Amino acid sequence: DSTFRPNGHNFTTDNGIVIIGNSYGKDIYIVKYSAAGIIEWTKRIGSDYESEYLPPDELWLSDSSCAEFFYQQGSNAIDYGHEIIQTSDNGYIITGCFECRYIRSDLYVIKLDENGNYEWIKCFPFIASGMSILEIDDGYLVTGVIVDPEYISDYSDAFLLKISKEGEQIWLKTFDFVQGNVGGGAALDWGREIQESSDNYFLRGRGFVKTDLEGNEIWRMDGVGNSFDIVNDEDVVFTGTNWEVNFSSLYISYYSSEG
């Protein structure tokens, strides 16, 4: 598909790779490659009610959030797939947004089997987009950007959503890293990466937050790096880039479990 624009990828247990992105600028598109680089399967997903790529009715008609959303979509819906991971049962789970505009963006999570066939689909009744997903022992954690309808044009938060293995919402937490407008413009936050330790979750976006296993904030930092890792189960190592006039430099910073 010459219109495919990748957004995320992950390696698979068979030494292959699975890639998620967009096709024709509007539909979610997934490609599974073997270790030899051969396409094993593809999947295209669209939220237009009349689209041939709409998930089967039996998957979403019983879910009021999905049903209400899909029935309202016209032919110009723009859908994004942001991340796909392989799950412990050798299937896959993806997240992103249907109709990805601030005024209507709808967060979804979709579970697929190892061949890319649907297992379940869940939509969530808030304006949000999933950017990253992590499998945990009793479900999944999703992070991304969430918008308060009252401030829809210039304000967003990062969120951390916990769902069950069947996609049911357990709890939702939001985090405001950017206080007020930035330079007179929008104050836009987002979550981009999640990791876990034995007793905590860690979320990186425009800031960084450590939570307990219920998503309650323990401590936070601003201005964190481009990536991080958990060391000794609780300490955190960041890597990133310092940008100065005419040059840049790499940095590594190490924080204890207390921040």
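In this chain, numbering begins with 1 at the start of the sequence shown. Please read these numbers as outputs of a predicted model, since none were measured by experiment.
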Hey, could you give me the [atom1]/[atom2] distance between [X] and [Y], rounded to the nearest 0.5 Å?
{"X": "Leu213", "Y": "Leu141", "atom1": "CG", "atom2": "CG", "answer": "9.0 Å"}
{"X": "Tyr140", "Y": "Ile163", "atom1": "OH", "atom2": "CD1", "answer": "7.5 Å"}
{"X": "Met131", "Y": "Glu193", "atom1": "CE", "atom2": "CD", "answer": "12.0 Å"}
{"X": "Thr12", "Y": "Glu40", "atom1": "OG1", "atom2": "CD", "answer": "7.5 Å"}
{"X": "Leu107", "Y": "Leu161", "atom1": "CG", "atom2": "CG", "answer": "6.5 Å"}

Flag side-chain contact, heavy atom, 4.5 Å: [X] against [Y]:
{"X": "Ile136", "Y": "Leu134", "answer": "yes"}
{"X": "Ile218", "Y": "Asn200", "answer": "yes"}
{"X": "Tyr33", "Y": "Ile19", "answer": "yes"}
{"X": "Leu112", "Y": "Ile93", "answer": "no"}
{"X": "Val142", "Y": "Val109", "answer": "yes"}

Can [Y] be reached from [X] by stepping across I, L, V, M, F, W or Y side chains whose heavy atoms are under 4.5 Å apart?
{"X": "Ile38", "Y": "Val31", "value": "no"}
{"X": "Tyr108", "Y": "Ile84", "value": "yes"}
{"X": "Tyr201", "Y": "Leu203", "value": "yes"}

Test of understanding: with side-chain contact (heavy atoms from CB on, under 4.5 Å), list the residues that count as partners of [X], not counting sequence neighbours.
{"X": "Asp137", "value": "none"}
{"X": "Asn216", "value": "Lys173, Asp212, Glu214"}
{"X": "Ile170", "value": "Lys162, Ser164"}

Taking only residues two or more places apart in sequence or in another chain, which ones pass ring pair (Phe, Tyr, Trp, His ring centres under 6.0 Å) with Phe11? His9
Who are the ring pair (Phe, Tyr, Trp, His ring centres under 6.0 Å) partners of Trp171, not counting sequence neighbours? none
Not counting sequence neighbours, list each pair that qualifies as a salt bridge (Lys or Arg N to Asp or Glu O under 4.0 Å) and has a residue in residues 6-17. Asp14-Lys32
Which residue pairs pass the salt bridge (Lys or Arg N to Asp or Glu O under 4.0 Å) test when at least one of the two sits in residues 115-134, sequence neighbours left out? Asp63-Lys122, Lys111-Glu119, Lys122-Glu168
Flag, side chain of [X] to backbone of [Y], donor-acceptor distance under 3.5 Å:
{"X": "Asn7", "Y": "Gly81", "answer": "yes"}
{"X": "Glu99", "Y": "Ile78", "answer": "yes"}
{"X": "Ser23", "Y": "Asp27", "answer": "no"}
{"X": "Glu135", "Y": "Ser88", "answer": "yes"}
{"X": "Arg220", "Y": "Asp176", "answer": "yes"}

Return the minimal non-hydrogen interatomic distance between [X] and [Y], and the atom names on each side.
{"X": "Phe124", "Y": "Gly167", "result": "CZ-O, 3.7 Å"}
{"X": "Cys97", "Y": "Ser129", "result": "SG-OG, 3.3 Å"}
{"X": "Thr13", "Y": "Asn90", "result": "OG1-OD1, 3.6 Å"}
{"X": "Leu59", "Y": "Pro55", "result": "CD1-CB, 4.5 Å"}
{"X": "Ile45", "Y": "Asp79", "result": "O-OD2, 4.3 Å"}

Decide yes or no on side-chain contact (heavy atoms from CB on, under 4.5 Å) for Phe126 and Leu172, but give the supporting numbers first. CA-CA 11 Å; Phe126 31 81; Leu172 171 69; 3.9 Å; yes
For the pair Trp219 and Phe208, name the ring-plane relationship: parallel under 30°, tilted 30 to 60°, perpendicular over 60°. tilted
Could you walk me through whether His82 and Thr95 pass the side chain to side chain donor-acceptor pair (under 3.5 Å) check? CA-CA 6 Å; His82 286 136; Thr95 190; over 6 Å; no
Check against side-chain contact (heavy atoms from CB on, under 4.5 Å), Asp106 and Ile127: CA-CA 5 Å; Asp106 203 70; Ile127 302 171; over 6 Å; no
Considering residues at least two apart in sequence or located in another chain, which fulfil the side-chain hydrogen bond (donor to acceptor under 3.5 Å, both in side chains) criterion with [X]?
{"X": "Glu196", "value": "none"}
{"X": "Ser132", "value": "Glu83"}
{"X": "Thr143", "value": "none"}
{"X": "Asn117", "value": "Asp113"}

Find out whether the Lys NZ or Arg CZ of Lys43 is both under 6.0 angstrom from the six-membered ring centre of Tyr29 and within 45° of the ring's axis. no
Report the residues that fulfil salt bridge (charged side-chain N to carboxylate O under 4.0 Å, His left out) with Glu114, sequence neighbours left out, ordered by chain and then residue number. none
For Val18 and Ile30: C-alpha separation, side-chain torsions, deciding distance, then whether side-chain contact (heavy atoms from CB on, under 4.5 Å) applies. CA-CA 7 Å; Val18 63; Ile30 303 167; 3.8 Å; yes
Please step through side-chain contact (heavy atoms from CB on, under 4.5 Å) for the pair Tyr80 and Ile28, ending with a clear verdict. CA-CA 5 Å; Tyr80 282 104; Ile28 302 154; 5.8 Å; no
